[in-house]
Protein chains: 2
Amino acid sequence: MDTALAFPAGEDQLCCAPSERPAIDAAHATSAAQVLKAFADPNRIRLLSIVKAGDGGEACVCDLTEPLDLGQPTVSHHLKILVDAGLLKREKRGTWAYYSVVPGALERAAALITNL
Amino acid sequence: MDTALAFPAGEDQLCCAPSERPAIDAAHATSAAQVLKAFADPNRIRLLSIVKAGDGGEACVCDLTEPLDLGQPTVSHHLKILVDAGLLKREKRGTWAYYSVVPGALERAAALITNL
DNA sequence: TCAATATATTGACAGTTGTCGATATATGCG
DNA sequence: CGCATATATCGACAACTGTCAATATATTGA
């Protein structure tokens with residue numbers, strides 16, 4: 001259970017102008033890559049997109065397995081990766097598990113790229 | 001040579017508000033993942049960062065192999081992946097190869113995430 | 001032309017990842 | 001309780017990826 005360090009906290013404000021900022025160190029690169037790795041698969045991209053576009057910004061596994069044309073275990077696997085990366089959150093209601101995008105998570109992930 | 005489709009062109013303006021946008025299709029997800037995959041490795045993150053922070057926004061391979069503690073072939077390999085993804089461009093001057101970030105590429109890559 | 005340097009390419013190998021089928025674990029309902 | 005449904009976990013396997021050593025390909029300079 002490598003449960004989500006996800007977004008290291010703090011680190012929101014920038015020390016100086018982008019053109020003057022020094023290169024990031026190995027530790028930051030590793031944690032950034034850990035999050036960005038979650039976007040490195042087409043099916044996970046689609047999962048994020050479908051969940052975000054879903055009614056109420058959420059979707060359950062049963063809504064996701066068909067449009068992706070993947071087996072249910074594989075979908076669960078990808079969802080776990082997205083949750084561990086801090087991008088999705090899981091809420092169980094009855095028999096169903098509803099996934100939704102963690103507020104601000106996509107923007108923070110995008111900032112990892114623009115703030116390089 | 002799977003030379004960079006990179007950023008598919010067009011697709012810059014959005015059809016509607018983010019909350020109303022439908023989920024992206026498989027083809028878009030695949031091309032987005034192709035670019036984002038380039039960010040899925042800590043050493044490539046550092047390469048981008050070091051190049052961007054370098055003098056004149058560029059760096060040659062010889063400047064990159066030492067701080068990353070990687071062999072020269074491995075650095076060349078990662079640089080090729082970043083070039084193929086449309087993130088870096090290569091300019092050969094004499095014996096040296098200078099790499100620099102393609103203008104706007106990081107912002108476009110980040111937009112692939114926020115526009116999900 | 002020949003040697004030295006910088007970079008790219010190749011081939012190999014271990015480690016990781018995406019996928020599936022089978023199975024386990026809930027949860028709700030008769 | 002016992003069955004059906006929804007989801008998660010496990011084990012296996014092929015495909016992909018990151019790394020290195022060895023080698024190839026410029027390019028410069030003597």
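Convention: sequence-line order gives letters A, B, ...; per-chain numbering from 1.
Checking C:dT7, C:dT19, D:dG18 against every side-chain atom of A:His77, the shortest atom distance belongs to C:dT19.
In this structure, the CG atom of B:Leu88 is 16 Å from the C1' atom of C:dA8, given to the nearest Å. Between the C1' atom of C:dG15 and the CG atom of B:Asp41 lies a distance of 13 Å, rounded to the nearest Å. Put simply, CG on B:Asp84 is 12 Å from P on C:dA8, counting in whole angstrom units. Rounding to whole angstrom units, CG of residue B:Leu79 and C1' of D:dG18 are separated by 14 Å. The distance between atom CD of B:Gln34 and atom C1' of D:dT17, rounded to the nearest whole Å, is 15 Å. The interatomic distance linking A:Lys92 (NZ) with D:dT5 (C1') rounds to 11 Å, in whole Å. Note: CZ (A:Arg46) to P (C:dT19) measures 12 Å, nearest angstrom. One interatomic measurement links the two molecules: NZ of A:Lys80 to P of D:dA6, which rounds to 23 Å at whole-angstrom precision.
Look at A:Thr74 and you won't find any side-chain N or O under 4.0 angstrom from OP1 or OP2 of C:dG18. Contact annotation: B:Arg90 does not reach the phosphate of C:dT7 (side-chain N/O to OP1 or OP2, under 4.0 Å).
Minimum interatomic distance between A:Pro103 and A:Arg108 (heavy atoms only, all atoms of both residues): O-NH2, 3.7 Å. The nearest pair of heavy atoms linking A:Ala110 to B:Thr114 is CB-CG2, 3.4 Å. The two residues B:Val75 and B:Thr65 come nearest to each other via the heavy atoms CG2-CA, 3.8 Å. Between A:Ala29 and B:Arg46, the shortest heavy-atom contact is CB-CG, 3.2 Å. Nearest approach of B:Ile45 to A:Ile24, heavy atoms of both residues: CG2-CD1, 3.5 Å. Closest approach of B:Ala38 and B:Ala85 over heavy atoms only: CB-CB, 3.7 Å.
Taking the side chain as every heavy atom from C-beta outward, A:Leu82 and A:Arg44 approach each other to under 4.5 Å.
At the heavy-atom level, B:Arg93 lies nowhere under 4.0 Å from the strands shown. A:Tyr99 comes within 4.0 angstrom of sugar-phosphate atoms only, judged by non-hydrogen atoms across all strands, and of no base. B:His78 comes within contact range of the sugar-phosphate backbone alone, with a heavy-atom separation under 4.0 Å but no base atom that close.
A salt bridge is absent between A:Lys89 and A:Glu91; no separation between the charged side-chain nitrogens and carboxylate oxygens falls under 4.0 Å.
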* To do: Apply side chain to side chain contact (heavy atoms under 4.5 Å, CB included) to A:Lys52 and A:Leu106, showing your working.
  => CA-CA 10 Å; A:Lys52 189 179 177 186; A:Leu106 295 182; 4.0 Å; yes
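Across residues 62-73 of chain B, B:Leu70, B:Gly71, B:Pro73 each have a non-hydrogen atom less than 4.0 Å from an atom of DNA chain D (numbered order).
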Check nucleotides 3-5 of chain C against the protein and report each pair of N or O atoms closer than 3.5 Å, with its distance, or say if there are none.
none

